[in-house]
Structures are given as C-alpha cells and as structure tokens.
Protein chains: 2
Amino acid sequence: MKKILIVDDDAELRSTLTEILGEAGYRIDKAASGREALDKIHSADFDIILLDLMMPGMNGMEVLSEVRKTRPRIKVIIITAFATVNNAVDAIKKGASDYISKPFKIEELLAIVRRVIEEARFENGIRKLDLENTLNSLSNPIRRDILQLLHIRHEMRLMEITRKLDIEDHTKVVFHLKLLKESGIIKQNKEKSYFLTKEGEKMIELLKFLDSYLSAH
Amino acid sequence: MKKILIVDDDAELRSTLTEILGEAGYRIDKAASGREALDKIHSADFDIILLDLMMPGMNGMEVLSEVRKTRPRIKVIIITAFATVNNAVDAIKKGASDYISKPFKIEELLAIVRRVIEEARFENGIRKLDLENTLNSLSNPIRRDILQLLHIRHEMRLMEITRKLDIEDHTKVVFHLKLLKESGIIKQNKEKSYFLTKEGEKMIELLKFLDSYLSAH
DNA sequence: CTCGACTGTGAAATTTAATTCACAAATCTC
DNA sequence: GAGATTTGTGAATTAAATTTCACAGTCGAG
C-alpha cells in the first residue's frame with residue numbers, strides 16, 4: 001500500500017489523520033516540523049506528503065520546493081486553514097497536487113488522496129518515450145502490415161515485402177522500414193533480410209491483444 | 001480447429017493428405033473434381049482449400065477464380081507437380097496464398113498451412129477501422145492526457161481541462177476533444193462536461209495495459 | 001564485364017495533423 | 001443587463017508525416 005507522510009505541527013491533527021488514513025490502509029509516518037519532514041523524506045521513500053503550510057520554523061512552502069527539487073515523483077497535498085486557501089493555490093502553482101482546507105470531512109480527504117494516487121500511477125508509470133514510440137509505430141497501416149508480414153514469414157527482403165503489400169514505389173517501403181528500424185522493432189541481417197526483434201514480437205502480441213480487445217464488443 | 005477442403009482427382013493423394021492434416025488436428029473434407037469442390041464450398045464454410053491445378057474437367061484455375069469471387073476470405077493453397085510450378089505462380093498472381101509442389105515433405109506442407117492460417121487470422125480478424133481509430137486517438141499525447149484526466153476526475157469542462165493541462169489556447173483543447181468525441185471515446189452532458197464513454201474506459205484500460213506491458217522489460 | 005534487379009539516399013512535393021487567430025453565441029456574475 | 005467567462009466555429013497557418021522522384025551503388029547471372 002502507498003506510503004504517506006503527514007507533516008503538521010498540530011499533534012492532534014497528526015493523530016487524527018494517522019487514524020483515518022491508517023484505517024484506510026495506508027502506511028503512515030509523521031513529522032512535526034519542516035526540518036523533520038525533510039529528514040524523513042530523504043531517508044525513506046514516500047508516495048504522498050500531506051503538508052501543512054503554516055508551521056513554525058521552516059514553513060511548508062520551503063518543504064514543498066525542496067521536495068519538488070529532490071523527489072519530484074512524490075505527490076504533495078497541501079493542508080491549509082480555510083482562511084488561507086490562497087496560499088494553497090500558490091502552492092499548487094509550485095507543484096503541489098491538490099489541497100484540502102481545514103476543517104474537512106473524512107470522505108473528502110480520502111477522495112483527494114485516492115485521486116492523487118491514481119494520478120501518480122500514470123505519471124510515474126508510463127515511460128513516455130516507449131509509449132510514444134510504440135503508438136507511433138503501430139498507428140500507420142503500412143507499418144502494421146510490415147510487422148505482420150515479418151511475423152508470419154520470419155524474414156523478408158525489401159522487394160518481397162514491397163510486392164506482397166502490392167506497393168508500387170519501393171522507396172515508400174524503405175521509408176517505413178527505416179522508421180521501424182530506428183525504433184528497434186525490426187533489424188536487418190547481412191543478407192539484407194528484415195526480421196522482427198524481441199520488441200517487434202511484442203508489438204505483434206500487442207496488436208493481437210488490441211484486436212481481440214476491440215472485438216470483444 | 002480450421003476446416004480444410006482437399007481438391008484433387010488423385011484418390012491416393014487425397015487420402016494421404018487427409019491423414020496428415022487430420023492427425024495435425026484439422027477438420028478435413030475432400031472433393032475429387034472442380035465441380036464437386038465448388039458445390040462443397042458453397043454449402044459449407046472452409047478456411048483453407050488445398051487445390052490441385054491439373055484436373056480433368058473444370059481445372060483448378062477456374063475453381064480458384066470462382067472462390068476468389070464468391071468466398072474471398074478462404075485461403076487457397078495450390079498443389080502442383082514440380083514440372084508446372086509456373087502455373088502455380090500464375091495462380092498466386094490470381095489470389096492463391098501459396099503453393100506446394102509434389103512430391104512434398106509432411107513438415108513442409110504443415111508449415112505452409114500454418115503460415116497461411118496465421119495470415120488469415122490477421123486479414124480477417126482485425127476490423128481495420130476500429131484499430132485505426134483507436135491507435136490514432138491514443139497516438140497523440142494531448143489526447144492521452146485528456147483521457148487520463150477524465151478517467152481520474154470523472155467529468156470535466158473545457159476550461160478545467162485546459163488549465164489542468166496548462167495549455168494557453170483553449171481552442172487547441174477543443175480540437176482534440178472534438179476528435180475524441182467523433183471517435184465515440186468521450187461524450188458531453190447537458191452541463192457541457194466531458195466524460196468518458198464505455199469505449200473511453202476501454203482506452204484507459206488499454207493504456208494501462210500498454211504501460212505495464214512495455215514496462216515488463 | 002555488362003545488364004538488370006535490388007537496395008538505398010536525399011530532396012522536393014504532397015497530404016494529413018495540429019496550432020493559432022479572429023470572432024461570436026451562450027452562460028454566469030454582480 | 002453589462003461585463004466577464006466559457007464554449008465553440010471556421011479560416012489561415014504551421015508543423016509533421018508520408019509519398020514521389022531522380023539518381024546511385026551493389027550484387028548476381030550470363
């Protein structure tokens with residue numbers, strides 16, 4: 001389960017939050033000051049920080065910028081008094097994910113935490129380059145055809161592919177082959193035959209999956 | 001399992017082929033002439049036809065063109081004597097999938113049949129339009145972002161999305177929303193809020209799958 | 001060696017996708 | 001209901017993807 005750090009100088013609020021979030025199944029740690037928070041952040045690995053902006057000593061904003069700088073994957077949710085919502089908005093501009101103003105309902109808090117976690121799932125999970133690359137390769141019908149051909153025939157040379165796809169201008173095929181090669185999806189052996197790499201086989205599996213997925217109404 | 005029709009005037013070859021392919025798990029039917037073959041083709045539903053070109057009466061070529069015309073999904077594999085390979089090549093130009101010349105090795109035959117089946121899987125299976133549509137929608141990062149936002153937030157209005165994505169010109173967002181709407185991936189309610197359709201939720205699942213798939217090394 | 005088929009490059013042209021801009025109707029806010 | 005905000009359209013522009021074309025080196029067969 002996700003690990004949450006609660007940062008607030010108010011001991012009572014800390015234990016309230018600990019109780020609520022603990023019951024919801026999160027692993028909780030607490031810090032009573034900005035200083036203590038940063039120590040914990042640098043020694044352990046949190047997913048979310050619940051951060052009070054108004055604290056004596058190092059204030060929340062400083063903690064926020066430090067976290068953004070050194071642990072950009074950690075999501076920060078600001079806790080703020082109703083009267084100082086504006087500060088929270090500033091905090092969001094500096095990279096906080098959301099804020100919650102005191103007093104708050106339990107459900108409201110949990111909803112925000114859940115949403116931020118979901119958000120993090122995407123941001124941290126997808127290595128954009130690969131996804132981008134994959135989708136670009138698959139989005140062109142000629143490239144898909146080439147992949148399928150190479151899957152079926154194991155290896156083919158330029159003109160074989162060109163004829164099989166019934167394309168007049170072979171340099172058109174060259175163009176797509178080059179893109180696929182650059183993406184590491186296909187390779188070429190000494191005999192000039194093109195064949196699928198391991199990545200390429202994955203693309204085929206993906207296509208099959210997509211197919212069956214889309215067919216399932 | 002796939003259903004294969006064997007068309008050959010040579011009774012011995014018919015039973016040899018039946019034995020080999022039957023053992024390999026295919027469902028087999030036989031025809032001794034072109035006429036008989038067409039009757040069977042029009043009454044039952046085959047995946048593959050093994051067709052001898054040289055037969056008395058209606059010859060294989062005629063059967064081939066008839067099949068191409070009325071049952072374009074059926075794959076035809078030509079059986080030909082070694083001496084008449086040229087005819088087989090002509091047949092392939094007319095739409096046959098492959099040929100095998102007598103005498104042949106069992107493994108050779110099975111390999112060709114398997115390959116042709118695999119080929120058919122793709123050609124018949126993927127409804128290109130949906131695939132096209134899906135991949136186009138997912139291939140743009142802004143559209144992916146929008147989908148993910150709508151997934152997390154359930155529903156959002158134009159300017160909410162625009163701000164959350166930190167895009168200056170809202171009409172840019174309008175552009176992508178329109179595309180997504182046309183693809184049936186999102187819809188809009190009376191309050192102008194955009195939300196994911198069932199299709200849209202599928203896209204999200206696909207993205208998650210893609211993610212984990214690509215992450216798995 | 002010479003011809004024809006094969007593989008490929010690079011620039012130019014074309015097509016398609018995406019962005020920007022000027023503007024306006026609808027809706028909200030005070 | 002005046003002014004700001006939101007939602008949207010359509011044309012013009014820009015950018016990106018794809019196609020076409022002219023050409024050239026390589027390779028195998030006769």
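By convention in this document, chain letters (A, B, ...) are assigned in the order of the sequence lines, proteins followed by strands, and residues within each chain are numbered from 1. Since the model is a prediction, treat every value here as computed from it, not as a measurement.
No more than 12 heavy atoms of other residues, nucleotides or ligands lie within 6.0 Å of CD1 in Ile106(B), so this atom counts as exposed by the packing criterion. The neighbour count for Lys3(B) NZ, taken as heavy atoms of other residues, nucleotides or ligands under 6.0 Å away, is above 12. When the shell of 6.0 Å around CD of Glu19(A) is examined, it contains 12 or fewer heavy atoms from other residues, nucleotides or ligands.
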Report task. Might you work through the side-chain contact (heavy atoms from CB on, under 4.5 Å) test for Ile77(B) and Ile49(B), ending with a clear yes or no? Result -> CA-CA 6 Å; Ile77(B) 299 173; Ile49(B) 300 175; over 6 Å; no
Query raised in the report: Between Leu51(B) and Val63(B), is a side-chain contact (heavy atoms from CB on, under 4.5 Å) present by the stated rule, with each step listed?
Result: CA-CA 8 Å; Leu51(B) 178 65; Val63(B) 177; 4.0 Å; yes
**Report entry** Derivation of the side-chain contact (heavy atoms from CB on, under 4.5 Å) call for His151(B) and Glu201(B)
**Finding:** CA-CA 7 Å; His151(B) 173 60; Glu201(B) 297 292 354; 3.3 Å; yes
At a cut-off of 3.5 Å, list every protein nitrogen or oxygen paired with a nitrogen or oxygen from nucleotides 6-9 of chain C, distance to 0.1 Å.
residue, atom, partner, partner atom, Å
dC6(C), OP1, Arg163(A), NH2, 3.1
dC6(C), OP2, Arg163(A), NH2, 2.7
dT7(C), OP1, Arg157(A), NE, 2.7
dT7(C), OP1, Arg157(A), NH2, 3.0
dT7(C), OP2, Met159(A), N, 2.7
dT7(C), O4, His170(A), NE2, 3.4
dG8(C), OP1, Gln188(A), OE1, 3.3
dG8(C), OP1, Gln188(A), NE2, 2.7
dG8(C), OP2, Gln188(A), NE2, 3.3
dG8(C), OP2, Tyr194(A), OH, 2.5
dG8(C), N7, His170(A), NE2, 3.1
dG8(C), O6, His170(A), NE2, 3.3

Got a list of protein N/O to nucleotides 28-30 of chain D N/O distances below 3.5 Å?
none

Could you go through nucleotides 16-18 of chain D and list every protein N or O atom that sits under 3.5 Å from one of its N or O atoms, giving the distance for each pair?
residue, atom, partner, partner atom, Å
dT18(D), OP1, Asn140(A), ND2, 2.8
dT18(D), OP2, Arg143(A), NH1, 3.2
dT18(D), OP2, Arg143(A), NH2, 3.4

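Atom CG in Asp169(B) sits about 11 Å away from atom P in dA22(C), given to the nearest Å.
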**Report entry** Strand DNA chain D as a dot-bracket string - pairs counted if Watson-Crick or G-U with both distances under 3.5 Å, | where the partner lies in another strand
**Finding:** ||||||||||||||||||||||||||||||
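Each salt bridge (Lys or Arg N to Asp or Glu O under 4.0 Å) pair with one or both residues in residues 58-67 of chain B, not counting sequence neighbours, would appear here, but there are none.
The shortest heavy-atom contact between Gly184(B) and Thr197(B) is O-OG1, 2.7 Å. Contact between Tyr26(A) and Arg114(A) at its shortest, heavy atoms only, is OH-CG, 3.7 Å. The two residues Tyr99(A) and Thr80(A) have their closest heavy-atom pair at CD1-CG2, 4.1 Å.
Between Lys187(B) and Glu155(B), none of the side-chain N atoms (NZ, or NE/NH1/NH2) sits under 4.0 Å from a carboxylate O, so this pair counts as no salt bridge.
Not counting sequence neighbours, the partners of Asp52(A) by the salt bridge (Lys or Arg N to Asp or Glu O under 4.0 Å) test are Lys102(A).
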